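Data block below; observations after.
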Amino acid sequence: MTVAILFGSFFILMFIGVPIALSLGLASLLTMFFATNSSPSAIIQKAFTSLDSFPLMAIPFFILAGVLMSHGGISKRLLNLASVLIGFITGGLAMVTVLASMFFAAISGSGPATVAAIGSFMIPSMKEHKYNSGFAAAITASAGSIGVLIPPSIPFVMYGVVGTVSIGSMFLAGIIPGIILGIALMISSYITAKRNGYEGTGEIPTFKDVLKALNEAKLALLIPVIILGGIYAGLFSPTESAAVASVYALIIGVFVYKELSWKSVYESFSSAALTNAATVIIIGFSISFAYLMTRERIPVIVADFIVGISDSPIVIILIINIFLLIVGMFIDTISAIVILTPILLPVVTNIGIDPIHFGVILVMNLAIGFVTPPLGVNLFVASTVGKVSFESIVKAMVPILITMIIALLVVIYFPPLSTGLPNLLSP
Amino acid sequence: MNVKVLLDRRIEEFILVLTMAIMVLIMFVQSTSRYFIGTSFSWGSEFAQYLHVWQIWIGASLAIRLQSHIRVDVFVKLFPPTVQKILNFLAISCWFIFAGFLAIEGSKYVMDVLTSGQTSPSLHVPMWIPYLAIPIGGTLMVIRLFQQMYFLFTSKEELYGGEEIK
């Protein structure tokens, strides 16, 4: 009965268009009011204590750093570097898009931001060079989803906070799966390019060209060094490194590249704070929701159900993945992580899966959800910045999605790809 | 800039920018001072965290105005415009109830904390000050939802939709 009220009201509220955060809060309130005798002031208290968190502050700072960088002339320099490095290969522009998105992912924590920053240059450029416009937008959208795997990554911060897993370890764990996904997308674009005759520039770069492009992009490339180096050398916590990255991006954008005016700095601060509020307020109410779920033993029931279907970890993880892919199609990453982590994490740790490995699987599934119709956020962004019809993108997505799922399976069945780096480098 | 625009957007926006700037500055100074001077101040992160909480609640209210809360609208969009309007009305009403709960129950909670005399661990500020963000956030939401309701009924579609005020 309690469970029916909790989930029933949550789904109804979500479907009529109440924001996810408030749906979680109101569903918890109704459940507490009608089905339990706990005091609703617990919701207020949890809404405060869950947001009064030091690790959580990494999110506004990473969002801010990303916004400042995409307006501060950094994406242009990263694109130039990528095009010098691999622009000459068949399908060069598509490859450049993927590589530049990977660079950009290493300085920004958000997928849609990556798509907007890279796509506004690359989609028009690919169209000009006779690429199919659907493919151009589709590859940009997919490359943007690497942004959540390569650190820094806002979904990993969320997972770390909700599942009490080390954020530093999650950042390390995402690196290799992110690179694998990038390489898979490059292979897929190569095949498509070969078939359709999209040629590269043919200009094989000299050592001097590479040095010149590297030199121009060096200030941008220093950002991941500061963030990751700072965290793993023990100088900074993830939150502090995010603050340092914001200040660095501000200084470069305003004083060195001189592409940020103080007016756009003001706007960047305001839009980052607004995005942050709409994102993390979900955490504030999800904690009450998760508390009620645990009280009603939902994780145990789900675990029993899944183990009842099969006792093979391989089958179990497959079932969970199919479920996650479906969820990813409809719900955004942050909400999905916040709702699903408390349910699924106990289930998978029970069958012997490392929480770090599971975090990578979870985020990768949801990253694929970014580009799966009908609700792929990245697809909408790519469609808007590239002025390409949604239908033509969806058509071009089919081979790319198959590639991404193969990359996902590789990451699932070779856990050391995720857990290797954290085990090697964590103290 | 007239008074209406100032009230409707600029004040909250200014608070967001200011709190963000102070948070970044504190964390930046705290992390670099520990490295360069070898010392750091313990109250910095506590202060930044309380600012963050306030920023989230005020931002959540402005996010109603700018339609930037994360929600699933694909199901609503399946219906004809009239039904969509009814569903929007329902959604705003449910939200309204919850915001009212935050404002009222939050105030009661703040009063409890106030009488308990609890103070924060390193700054020793009375705890009701950070907690006050919740009832204030709830009240601001109530006001914003009234505004949304007004836009819905006066059919100011251009204001109700995702369009941003400049």
Side-chain angles (χ1 to χ4, degrees), chain A residues 12-23 25-26 29 40-41 43-45 47-48 51-54 56-57 60-61 64 230 235-237 239-244 246-247 250 265-267 269-282 284-285 330-332 334-335 374-375, chain B residues 13-21 23-28 30-32 34-35 45-46 48-50 52-53 55-64 66 68-76 84 87-88 90-92 94-95 97-99 101-102 105-106 108-109 112 130-131 133-135:
Chain A
I12 292 171
L13 289 166
M14 192 175 74
F15 287 148
I16 64 170
V18 178
I20 307 262
L22 286 305
S23 304
L26 192 49
L29 178 62
S41 70
I43 295 180
I44 304 284
Q45 196 207 354
F48 179 83
L51 298 179
D52 179 24
S53 143
F54 184 75
L56 201 63
M57 274 198 297
F61 297 154
L64 177 65
L235 298 176
F236 306 137
S237 61
T239 304
E240 289 168 337
S241 78
V244 173
S246 306
V247 174
L250 180 76
V265 169
Y266 186 90
E267 278 160 9
F269 271 66
S270 136
S271 86
L274 196 68
T275 310
N276 176 56
T279 308
V280 300
I281 192 121
I282 298 172
F285 296 119
F330 294 96
I331 301 183
D332 75 283
I334 302 295
S335 316
L375 269 186
Chain B
E13 192 186 65
F14 179 72
I15 296 173
L16 293 188
V17 172
L18 188 70
T19 48
M20 190 65 133
M23 281 161 60
V24 172
L25 195 68
I26 290 177
M27 291 319 299
F28 179 74
Q30 176 163 321
S31 45
T32 45
R34 193 181 52 224
Y35 180 57
S45 45
E46 191 182 280
Q49 272 166 238
Y50 293 156
H52 187 212
V53 172
Q55 185 194 66
I56 294 166
W57 287 97
I58 290 173
S61 152
L62 185 60
I64 297 178
L66 300 178
S68 49
H69 273 287
I70 298 172
R71 58 194 204 114
V72 177
D73 57 3
V74 69
F75 302 102
V76 177
Q84 280 191 27
L87 288 176
N88 270 329
L90 273 175
I92 296 175
C94 292
W95 195 347
I97 294 169
F98 191 67
F101 162 79
L102 290 173
E105 199 64 38
K108 282 191 203 156
Y109 197 85
D112 287 349
Y131 269 105
I134 296 178

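Letters A, B, ... are given to chains in the order of the sequence lines, protein chains preceding strands, and every chain is numbered from 1. Since the model is a prediction, treat every value here as computed from it, not as a measurement.
- Taking all atoms of both residues into account, the shortest heavy-atom contact from A:F15 to B:V76 is O-CG2, 3.4 Å.
- When B:Y50, B:Y131, B:F75 are compared by the number of non-hydrogen pairs under 4.5 Å with chain A, B:Y131 comes out ahead.
- With sequence neighbours left out, the side chain to side chain contact (heavy atoms under 4.5 Å, CB included) criterion links A:L250 to A:L68, A:V254, A:V265, A:F269.
- Between chain B and the options A:I20, A:L51, A:D52, heavy-atom pairs under 4.5 Å are most frequent for A:D52.
- If you measure heavy-atom distances from A:N276 to chain B, the contacts under 4.5 Å come from the side chain alone.
- Here A:S41 is the residue among A:S41, A:G230, A:S246, A:S335 with the most heavy-atom pairs under 4.5 Å with chain B.
- Residue B:A99: no heavy atom, backbone or side chain, is found under 4.5 Å from chain A.
- Of all the listed residues (B:A63, B:P135, B:P130, B:A133), the one sharing the greatest number of non-hydrogen pairs under 4.5 Å with chain A is B:P130.
- Between A:A278 and B:S68 the shortest heavy-atom distance is CB-O, 3.3 Å.
- Taking CD of B:Q30 as the start and OG of A:S237 as the end, the distance is 8.5 Å to the nearest 0.5 Å.
- Of the listed residues (A:A277, A:A243, A:S271, A:P40), the greatest number of heavy-atom pairs within a distance under 4.5 Å of chain B belongs to A:A277.
- Between A:S270 and B:L16, the shortest heavy-atom contact is O-CD1, 4.4 Å.
- How far CE of A:M57 is from CE of B:M27: 5.0 Å, rounded to the nearest 0.5 Å.
- In this structure, B:F14 and A:Y266 approach most closely via the heavy-atom pair CA-OH, 3.4 Å.
- By number of non-hydrogen pairs under 4.5 angstrom with chain B, the leading residue of A:A242, A:S53, A:S241 is A:S53.
- Heavy-atom pairs under 4.5 Å with chain B peak, among A:L13, A:I282, A:L22, A:V18, at A:L22.
- In terms of heavy-atom proximity, A:I44 sits nearest to B:L102 at CD1-CD2, 4.0 Å.
- Using a 4.5 Å cut-off between heavy atoms, A:A272 contacts chain B through both its backbone and its side chain.
- In terms of heavy atoms, A:P60 sits closest to B:M20 at O-CE, 3.6 Å.
- Heavy-atom distances place no part of A:E267 under 4.5 Å from chain B, backbone and side chain included.
- Of the atoms belonging to B:V24, heavy atoms from both backbone and side chain fall under 4.5 Å from chain A.
- For a residue to count as touching a neighbouring chain, one of its non-hydrogen atoms must lie under 4.5 Å from one of that chain's; by this rule A:L29 touches chain B with the side chain only.
- Taking A:V247, A:L64, A:V244 one by one and counting their heavy-atom pairs under 4.5 Å with chain B, the maximum is reached by A:V247.
- In this structure, the portion of B:Y109 lying under 4.5 Å from any heavy atom of chain A is its side chain and not its backbone.
- Of the atoms belonging to B:H52, it is side-chain heavy atoms, and not backbone ones, that fall under 4.5 Å from chain A.
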Where do B:S45 and A:T239 land on the side chain to side chain contact (heavy atoms under 4.5 Å, CB included) test, with the steps shown first? CA-CA 10 Å; B:S45 45; A:T239 304; over 6 Å; no

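- For B:L87, the parts sitting under 4.5 Å from any heavy atom of chain A are the backbone and the side chain alike.
- Comparing B:Q55, B:E46, B:Q84 by how many heavy-atom pairs each has under 4.5 Å with chain A, the most go to B:Q55.
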